[in-house]
Structure formats: structure tokens, C-alpha cells
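Both counts, for ligands and for their atoms, begin at 1 and track the order of listing. What you see is a predicted model; the values in this text were computed from it and never measured. Throughout, numbering of the chain's residues begins at 1 and tracks the sequence.
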Amino acid sequence: MNIVVLDGQTLNPGDLSWDELGKLGSVTVYERTPAGLIQERIGNAEMVLTNKTPLTREVLEAAENLRYVGVLATGYNVVDIEAAAARGITVTNVPAYGTESVAQFVFALLLELCHQIGRHGDSVRSGDWAKAVDFSYTLTPQIELWGKTMGIVGYGRIGRQVARLAEAFGMRVLVSGRPGKADGDEDSGVRRVPLEQLLAESDVVSLHCPLTAETEGLINRERLALMKPSAFLINTARGGLLQEQDVADALNEGRLAGAALDVLAAEPPAADHPLVHAPRCIITPHMAWAAVEARERLMSIAAGNVAAFLEGRPVNTVGPHNR
Ligand SMILES: NC(=O)c1ccc[n+]([C@@H]2O[C@H](COP(=O)([O-])OP(=O)(O)OC[C@H]3O[C@@H](n4cnc5c(N)ncnc54)[C@H](O)[C@@H]3O)[C@@H](O)[C@H]2O)c1
Ligand SMILES: O=C(O)[C@H](O)CO
């Protein structure tokens, strides 16, 4: 069985091994695949693995032998799943490998917004403390989380772990899920509310829903207007959840206290991206998933997905049925 990995570099920059996958077929790993080469590299392979290389309807329809797409990620918005389903191609993702890593990263971002540790550390390194007259100084207001409200949009695996950490910080937790869907039970202390109420009452809004036709552009000018001007927005899910210019405008006009974003709609972004230059906006390069512990789990679950498919009992399948 021919297995083509279209963009293996970010999962395995050299510190992991492809051997587990190699036992299951003849594997070709490309570090990355530019748009113009996707079709050619899939060629007549039966199985393709992708992290962020898009598999559009056109690509899927041209790949005559393709029977399986393994997404090397939790978010599978890079695959046209309707087109895959129509062609009978099985698509799997890797759920839960990075739940704890991503939730931890949410708090790394939030604590940076609250304390601006990097900026204060730089100030000390550049000699400001040595020249100071007092034993203590701050360059930005310092913010305590205890008693504040965390609003979690998308109460799945990562959303639930963020809720646990928020409660450990003494925060009140509001959650909102898919409109009209139950999405499982609430945990004690967590209150499920409509999105509009969550936006209006939260001091921190953290996004954890997938990018779908329903959630694209979810955080737009109108919804930002519901948020407190003192609130922080955190996005570790997908950049497409934001109307990015609207978020940049809210930051530029002082209608939002800060944003911390691990994801943008286009990655890497253009040098003149409006959020890259917006005030009080921290942007990290889509790295919340990247702890070696999480990538090891991802690699192992991805190989398990391939093995299960080859044994005729696919697991972790995703498709229009998940929507
Ligand atoms: N930055 C990173 O490195 C990184 C790493 C892993 C995952 N992610 C992103 O995080 C997302 C969430 O991951 P997860 O493991 O928690 O997934 P999950 O499937 O366990 O949870 C997603 C939740 O969102 C809910 N949801 C769907 N549509 C919604 C809507 N319209 N409004 C509110 N909620 C909605 C679902 O019902 C589900 O409960 C992934 O889809 C992926 O895009 C990012
Ligand atoms: O969805 C995911 O798992 C992350 O974005 C890494 O690709």
C-alpha cells in the first residue's frame, strides 16, 4: 500500500520517527507540498496523510486510487469532507492527542496578557531595574484572574480542559456549544449560556470550536460589540473563526483590551496582516499543539488510524456525519 505524507515537517522536524507508519506500507514523506504539486505527489497512492495541505474537491476527484485520507491533526477543515464522502474516501483525524497541551497554552497566552512577563523581563535585561528608584515597578496594569469570568465557545475536549484550569484559577466558567445541540453534560460549576450572553458577561473569551461553514467568521463586528471593552479574546482553534479585520479594528479603537491568537486564517500570514501590527495583540505561530509529548501521541494515533483502516475497521473517522 502506497502512503504519501504531504507535509510531515511540522509533526516530525527530526525528533520523532516515521517507523510505526513505515511498518504499514510503502511510505513517502514530503516535508511540505506547494499547492501546484499536491495532485502530482498524491499520484496513484491509496493513502494520503496531511496536516495542513488542503485536499479540495478538485484534488480528491483527480486522485483515482485514493481510498484513505489521514489528517495529522484534530482540526480537519483542510479536507473537503463532502467531496471525500461522495467518492467513498475514508477520512480520519487525531482527536485528544493535544488536549492538555493546548489548554496549557491557552493559559500561557492568558497569563502573558495579564502580566506581560516578556516585556517586563526585557525591561530588566535592558537595565531599567538597575536604574530604578524603587524595589518594584510595572509597565502595564497587572490583572488578577480570581473571580473573573471565563467564556468558552466550544465545550469539547479542549474546552473542558480549559474550564478545569479556569476553575483552578478561581474563575467562574460560562460555556456555549452548537446552537440547538446538547453537546454532553455540563460539569459542576460550569454554566451553559447562549453565545450572546457569554460574550457580554465574560472577562476572557476562549474559542474551542472547529472551523466549519457554521463557525466561519463567528467573531465579527456585531459580536465584538457585545464584549466588555476590558475583555480578552483568545483563539487557539482556527483563524477562520474570526473576522480578522473586525478584531484588529476593535483593538485599534480600544473596544477590546487584548487578544492572544495562536492561529490565523492564512498561515503563515502576510507581513502586513492587520492583527500582526494591532496593539495589545499577541500572536504565536500555531504552536499550541507542538509539545513533543503531544506530537508523539499524534504520531502514534495517526499510525493506529492507518492500521485500523487497513484491517477494515476504521477508527476516528470524520465526515459530514460529524457536522
Ligand atoms: N492551535 C493548535 O495547535 C490546535 C491543536 C489542536 C486542536 N486545535 C483546534 O481546536 C479545535 C477543538 O479541538 P477539540 O479537541 O476540543 O475538539 P472537540 O471536537 O473535542 O470539541 C469541539 C467542540 O466544539 C463544538 N462546536 C461545534 N460547532 C460549534 C459551534 N457552532 N458553536 C459552539 N461550539 C461548537 C462541538 O460540539 C464540540 O463540543 C479543533 O477543531 C482544532 O481546530 C488547535
Ligand atoms: O488541529 C490540530 O491538531 C492542530 O492545529 C495541529 O495541526
Side-chain angles (χ1 to χ4, degrees), residues 5-13 32 49-54 70-79 81 92-106 108-109 151-165 174-187 190 192-199 205-220 223 234-242 260-265 267 283-291 293-295 297-299 301-302 305 316-319 321-323:
V5 181
L6 290 170
D7 51 359
Q9 174 66 18
T10 55
L11 168 58
N12 179 11
R32 52 191 73 79
L49 304 192
T50 176
N51 189 328
K52 294 291 172 283
T53 304
V71 180
L72 296 169
T74 302
Y76 53 89
N77 50 291
V78 293
V79 182
I81 52 172
T92 64
N93 77 337
V94 183
Y97 76 90
T99 304
E100 293 77 11
S101 274
V102 178
Q104 174 181 315
F105 200 82
V106 167
L109 293 172
I152 296 172
V153 182
Y155 196 47
R157 295 176 185 88
I158 297 171
R160 279 169 202 271
Q161 181 64 7
V162 169
R164 285 181 207 110
L165 298 181
L174 301 178
V175 301
S176 84
R178 273 179 302 177
K181 307 265 174 159
D183 277 358
D185 295 334
E186 288 171 29
D187 297 314
V190 167
R192 194 178 293 273
V193 295
L195 178 61
E196 286 66 26
Q197 185 181 346
L198 179 147
L199 294 172
V205 172
S206 192
L207 305 180
H208 299 291
C209 53
L211 176 61
T212 62
E214 191 186 25
T215 61
E216 188 161 15
L218 186 76
I219 302 300
N220 58 16
R223 294 205 170 98
I234 299 182
N235 188 12
T236 55
R238 284 292 181 267
L241 298 178
L242 308 184
L261 314 172
D262 185 49
V263 285
L264 291 174
E267 297 172 344
I283 301 186
T284 49
H286 201 146
M287 58 188 277
W289 67 296
E293 295 87 346
R295 287 183 294 105
R297 284 190 291 269
L298 200 172
M299 181 70 97
I301 298 166
N305 285 350
N316 296 324
T317 57
V318 292
H321 60 277
N322 297 87
R323 295 275 161 86

Trainee: Nearest to atom 39 (O) of ligand 1 by heavy atom, Ser101, Ala237, Cys209, Gly156: which?
Mentor: Gly156
Trainee: Taking the side chain as everything from C-beta on, heavy atoms only, tell me whether Trp289 gets closer than 4.5 Å to Tyr97.
Mentor: yes
Trainee: Against heavy atoms of Thr215, which atoms of ligand 1 measure under 4.0 Å?
Mentor: 30 (C), 31 (N)
Trainee: So, is Gly75 polar-close to ligand 2, with some N/O to N/O distance under 3.5 Å?
Mentor: yes
Trainee: Give the numbers and elements of all ligand 2 atoms closer than 4.0 Å to a heavy atom of Thr74.
Mentor: 1 (O), 2 (C), 3 (O)
Trainee: Under 4.5 Å between any side-chain heavy atoms of Asn77 and Thr212, yes or no?
Mentor: no
Trainee: With no hydrogens and no angle check, is any side-chain donor or acceptor of Thr92 less than 3.5 Å from a backbone partner on Asn316?
Mentor: no
Trainee: Any chance you could measure Leu218, atom CG, to Leu195, atom CG, to the nearest 0.5 Å?
Mentor: 5.5 Å
Trainee: Is it true that the NZ or CZ of Arg160 lies under 6.0 Å from the centre of Tyr155's six-membered ring and within 45 degrees of the ring axis?
Mentor: yes
Trainee: For ligand 1, which atoms have a heavy atom of Gly177 less than 4.0 angstrom away?
Mentor: 32 (N), 33 (C), 34 (N)
Trainee: Side chain, backbone, both or neither: which part of Arg238 has a heavy atom under 4.0 Å from ligand 1?
Mentor: side chain
Trainee: Checking the N or O distance criterion of under 3.5 Å, is ligand 1 in contact with Asn77?
Mentor: no
Trainee: Tyr97 near ligand 2, heavy-atom distance under 4.0 Å?
Mentor: yes
Trainee: With nothing but distance in play, are any N or O atoms of Arg157 less than 3.5 Å from an N or O of ligand 1?
Mentor: yes
Trainee: Hey, which atoms in ligand 1 end up nearer than 4.0 Å to a heavy atom of Ser176?
Mentor: 33 (C)
Trainee: Which residue in the set Leu207, Ile152, Leu261, Val106 passes side chain to side chain contact (heavy atoms under 4.5 Å, CB included) when paired with Ile234?
Mentor: Val106
Trainee: Just to be sure I read this right, does ligand 1 sit under 4.0 Å from the backbone of Phe105, its side chain, both, or neither, counting only heavy atoms?
Mentor: neither
Trainee: I'd like to check Leu241 versus Val153 (side-chain heavy atoms, cut-off strictly below 4.5 Å). Are they in contact?
Mentor: no
Trainee: From Arg157 CZ over to Thr74 OG1, what is the distance, rounded to the nearest 0.5 angstrom?
Mentor: 7.5 Å
Trainee: Heavy-atom contacts under 4.0 Å between Glu214 and ligand 1: side chain, backbone, both, or neither?
Mentor: side chain
Trainee: Could you tell me whether some N/O pair between His286 and ligand 2 is separated by less than 3.5 angstrom?
Mentor: yes
Trainee: Which atoms from ligand 1 have a heavy atom of Thr74 less than 4.0 Å away?
Mentor: 7 (C), 13 (O), 15 (O)
Trainee: Please state which part of Met287 comes within less than 4.0 Å of ligand 1, counting heavy atoms only: side chain, backbone, both or neither.
Mentor: neither
Trainee: Check ligand 1 against Trp289 and write out every atom of the ligand that is under 4.0 Å from a heavy-atom position of the residue.
Mentor: 3 (O), 5 (C)
Trainee: Roughly how far apart are Asp7 CG and Leu72 CG, rounded to 0.5 Å?
Mentor: 7.0 Å
Trainee: When you compare the side chain of Val205 with that of Leu198, does any pair of heavy atoms fall below 4.5 Å?
Mentor: yes
Trainee: Only heavy atoms of Asn51, strictly under 4.0 Å: list the atoms of ligand 2 that pass.
Mentor: 7 (O)
Trainee: Do Arg223 and Asn220 make a side-chain contact, defined as non-hydrogen atoms from C-beta onward lying under 4.5 Å apart?
Mentor: yes
Trainee: When you look for heavy atoms under 4.0 Å from ligand 1, do you find them on the side chain of Ile158, its backbone, both, or neither?
Mentor: both
Trainee: Between Thr284 and Asp262, do the side chains contain a donor N or O and an acceptor N or O under 3.5 Å apart?
Mentor: yes
Trainee: Among protein heavy atoms, which lies nearest atom 7 (O) of ligand 2, and at what distance?
Mentor: Lys52 NZ, 2.5 Å
Trainee: Output the list of atoms in ligand 1 that are nearer than 4.0 Å to some heavy atom of Tyr155, sorted by atom number.
Mentor: 39 (O)
Trainee: Distance under 4.0 Å to a non-hydrogen atom of Tyr97: what atoms of ligand 1 satisfy this?
Mentor: 5 (C), 6 (C)
Trainee: Within ligand 1, which atoms have a heavy atom of His286 less than 4.0 Å away?
Mentor: 1 (N), 2 (C), 3 (O)
Trainee: Just verifying a value: how many Å separate His286 NE2 and Thr236 OG1, rounded to the nearest 0.5 Å?
Mentor: 8.5 Å
Trainee: Once you restrict to heavy atoms under 4.0 Å, what part of Arg238 touches ligand 2? Side chain, backbone, both or neither.
Mentor: side chain
Trainee: Take a 6.0 Å sphere around CD of Gln197 and say whether it holds more than 12 heavy atoms from other residues, nucleotides or ligands.
Mentor: yes
Trainee: Out of Gln161, His208, Arg178, indicate the one that has the non-hydrogen atom closest to atom 11 (C) of ligand 1.
Mentor: His208
